Every structure is written in C-alpha cells, then in structure tokens.
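One structure is given below, encoded as structure tokens.
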Amino acid sequence: MSLYCGTFFRRKSFGCYRLLSTYVTKARYLFELKEDDEACRKAQQTGLFYLFHDLDPLLQESGHRYLVPRLSRAELEGLLGKFGQDSQRIEDSVLVGCSNEQEAWFALDLGLKSASSVRASLPKSEMEAELGGSFVKLRQALLQLNSVDSSLLFTAQALLRWHDGHQFCSKSGQPTQKNMAGSKRVCPSNNIIYYPQMAPVVITLVSDGARCLLARQSSFPRGLYSALAGFCDIGERVEEAVHREVAEEVGLEVENIQYSASQHWPFPNSSLMIACHATVKPGHTEIQVNLKELEAAAWFSLDEVATALRRKGSFAQQQREASPLLLPPKLAVAHHMIKEWVEKQSRSSLAA
C-alpha cells in the first residue's frame, strides 16, 4: 500500500481536509520512490541525472564558480548510446532528491563498475569532450559551488561511494543487489538488508569564558585552526564522546555541553558532524597537546577570532594572504560554531 498522499492528507479537522505542506509532500513522495521500485523506475523517465566518474562530479566552469549540469533521461540515453551502452545502465543510478514539483533527481557514476554488472567504465576524457565539462574532485571544487549544489553533490557522492563499497554481503560473501532508488542493498541468499550509514563525529568548540580553543593538524593548510573533532566510539553518548575527545586531544575536562548544529560531511567517508559548545572551569585551562592527534592547539581571544571572521575574500584568497589565523570556510559547521561563539561573546560584552 502506497503511503504517498498526493495533495491532501486524509485527516478530518473541523470538517475539512488539511493541506499538506510542500516539505511533507516531497518527503512522502521520496519515501514512495525508496519503497516502490516501479514508482522509482517511472520517476526515472521524467527525472534529471547528475553524472559522476569514479566519484568525481561533472562540472562546468563559469567564471570563478562551477555549475552543475543535469541531463534529462533522453539526453542520458543519447550519451550512453554514443558509447555503446543501453538504457539499462540508468538503473545503476541512485535517488538523491526531488523538486517541489516532484521532478526526481538521480546520480549516476559512469566510471565505477558494479561487481554484478557486465557494463564497463566509460572513457573519462571522451565523455568530458562530449558533455562540455570536466569530472572534478569534489573536495577541490568545494569552495566554488553554491550551498545547494554542494549539499546535493555531498549526498550523491556519499551514496555512490557506499554502494561501491558494499557490493558483497559480509555474512555470505555473495553479491548484494540494490533497490531501484539505491536506498538499500539486499543479499539474495539470506535476505540481509544493508542501509547506507554515516559515521557520527563530535566537533567541539571549547571556551574558558573569554577565549576559545582552536587546534590544527599537520595536514591543514598553513595558518588554519578549527574546533576539536573525533569519531564517536561504539556505545558512547554524544556527551561522553565530547568529554573523551577533548581529554584525549588537549588534556582538558569540559562541562556545560550544549548542542549547536549538525552537518553531513562526505570526506573521507561520509560522516555526521555533531557540533557542540563546551566550557572548562576557570583556572583549569592548561593545554597538553596530544601530538599523535594534533600539530598544535591554543587559546584565542575574542578580538583575534572576530578579526579573522571579518577578513574579506574567499577562503583561497585568505590562504594566499598568509593570514595569522585562518578559520574554516563558511560552508563548514566549524565556521558556524566559531561565528556563534563570537556573537554570543559580543552580546555579553555589550550587556556588561
């Protein structure tokens, strides 16, 4: 039985039907596509497709930005035909969203090869020439995409990567099969169902009341500092993970943990970033850096952090200027947390 309700939700309220919001309508529609293979196959007929090659999205340069082209079903079939592939290849795609008008969006990787498929990887350079674009590393293109495109490509790449890495059942060793939407894989030999997963990561901005603690790893660009972050261990609550990560990395005990926000982050392998603020007790601020985890960590004043936030230009431009303190780019949840802390401290200063 389909759970998609169309325009109206059949629940009487004061003698009339309640009109569903656009969000609820979209959510119900996507749920139907994930649960009903035939409905999803039908949606592919009128849907739009984002193309990838070995997990790199197809992009087109426009000035200092990247545009993300989308192909119709007919355009995609024409492209596949030129490279000796039939429309069956389209069933390798995964559902990544839809418009308010219920136009479904899919992502298809033409470079990855399924273990259960006889279809070969298509030549990258020839496809780029045909499509008038380039398959670009997503991390490389990140700062030249708008927030809507980057979020959608994050989802698409994460799903495509998950399917590429879960082609066999961990119990039977047999090939698994994805459903039409790509929302799960099933082992035919034992009916075990595998669902795409994200690894939970706590990212914590620690404050002593007047300063915030920022740290860097050796892999960071020169001058870049960010909040402390680490994966949650199995069995841990978020609060326990925050306590442990801060203790492990900088040798401090924290209290007053407050949730701030969350963000899906696709690098290197699809994490759910859970952002929190925490404080240390006055007088208990001596940092002991764990050099196995970090290159450096330090306390920064409100003025230092606020000055870094006010710097003009893109993240890449700030890197070239060799700023004394470089903060994470605006699309990262760490930037949101740092800005949140600065605004709160500034309000406190004005109130005092």
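Please read these numbers as outputs of a predicted model, since none were measured by experiment.
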With a sphere of 6.0 Å drawn around [atom1] of [X], does it hold more than 12 non-hydrogen atoms of other residues, nucleotides or ligands?
X    : atom1 : result
E103 : CD    : yes
K34  : NZ    : no
F231 : CZ    : no
H264 : NE2   : yes
K339 : NZ    : no

So how far is it from [X] [atom1] to [Y] [atom2], rounded to the nearest 0.5 Å?
X    : Y    : atom1 : atom2 : value
L108 : Y50  : CG    : OH    : 14.0 Å
K344 : S207 : NZ    : OG    : 8.0 Å
H277 : L205 : NE2   : CG    : 6.0 Å
Q174 : F168 : CD    : CZ    : 9.0 Å

**Message:** Please evaluate residues T22 and N100 with respect to the criterion side-chain hydrogen bond (donor to acceptor under 3.5 Å, both in side chains), reporting the C-alpha separation (whole Å), side-chain torsions for both, the decisive distance (0.1 Å), and the verdict.
**Reply:** CA-CA 7 Å; T22 300; N100 290 342; 5.5 Å; no
**Request:** Apply the test salt bridge (charged side-chain N to carboxylate O under 4.0 Å, His left out) to residues E91 and R41: give CA-CA distance (whole Å), side-chain angles for both, the deciding distance (0.1 Å), then the verdict.
**Result:** CA-CA 8 Å; E91 296 195 358; R41 187 177 283 109; 3.3 Å; yes
Report the residues that fulfil salt bridge (Lys or Arg N to Asp or Glu O under 4.0 Å) with [X], sequence neighbours left out, ordered by chain and then residue number.
X    : value
E77  : R73
E340 : none
R211 : D208

**Asked** So which heavy atom on P328 is nearest to which on L224, and how close?
**Response**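 For P328 versus L224, the nearest heavy atoms are N-CD1, 3.6 Å.
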**Item:** Residues that, via side-chain heavy atoms closer than 4.5 angstrom, fall in one hydrophobic cluster with V206
**Value:**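 Members other than V206 - counting any ILVMFWY side chain reachable under 4.5 Å - are M198, V202, L213, L228, V238, V242, V246, V250, L252, V254, I257, Y259, L272, I274, V280, I287, V289, L291, L294, W299.
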**Request:** Evaluate the criterion side-chain contact (heavy atoms from CB on, under 4.5 Å) for residue pair F49 and S93; output intermediate values, then yes/no.
**Result:** CA-CA 8 Å; F49 295 81; S93 65; 3.9 Å; yes
**Request:** Could you give me the CA-CA distance, side-chain angles and deciding distance for W341 and L302, then say whether side-chain contact (heavy atoms from CB on, under 4.5 Å) is met?
**Result:** CA-CA 9 Å; W341 177 80; L302 173 61; 4.1 Å; yes
**Item:** Residue pairs involving residues 155-172 (criterion salt bridge (charged side-chain N to carboxylate O under 4.0 Å, His left out); sequence neighbours excluded)
**Value:**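 For residues 155-172, and leaving out neighbouring residues, there are no salt bridge (charged side-chain N to carboxylate O under 4.0 Å, His left out) pairs at all.
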**Request:** Could you name each residue pair satisfying salt bridge (charged side-chain N to carboxylate O under 4.0 Å, His left out) that touches residues 242-266, not counting sequence neighbours?
**Result:** D233-R244, E236-R244, R244-E248
**Request:** Evaluate the ring planes of H166 and W162, with Trp represented by its six-membered ring, and classify them as parallel (under 30°), tilted (30 to 60°) or perpendicular (over 60°).
**Result:** parallel
**Asked** Side-chain contact, heavy-atom cut-off 4.5 Å: R89 with L122?
**Response** yes
**Request:** Assess whether side-chain contact (heavy atoms from CB on, under 4.5 Å) is satisfied between E295 and F220, documenting all intermediate values.
**Result:** CA-CA 9 Å; E295 182 181 74; F220 284 10; over 6 Å; no
**Message:** Membership question, hydrophobic clusters at under 4.5 Å side-chain separation (ILVMFWY): are M180 and Y194 in the same one?
**Reply:**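 No, it is not one cluster - the side chains of Y194 and M180 are not joined through contacts under 4.5 Å.
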**Request:** Report the C-alpha separation of L131 and L71 in whole Å, then their side-chain angles, then the decisive distance to 0.1 Å, and conclude whether the side-chain contact (heavy atoms from CB on, under 4.5 Å) test is met.
**Result:** CA-CA 10 Å; L131 293 164; L71 275 67; 4.0 Å; yes
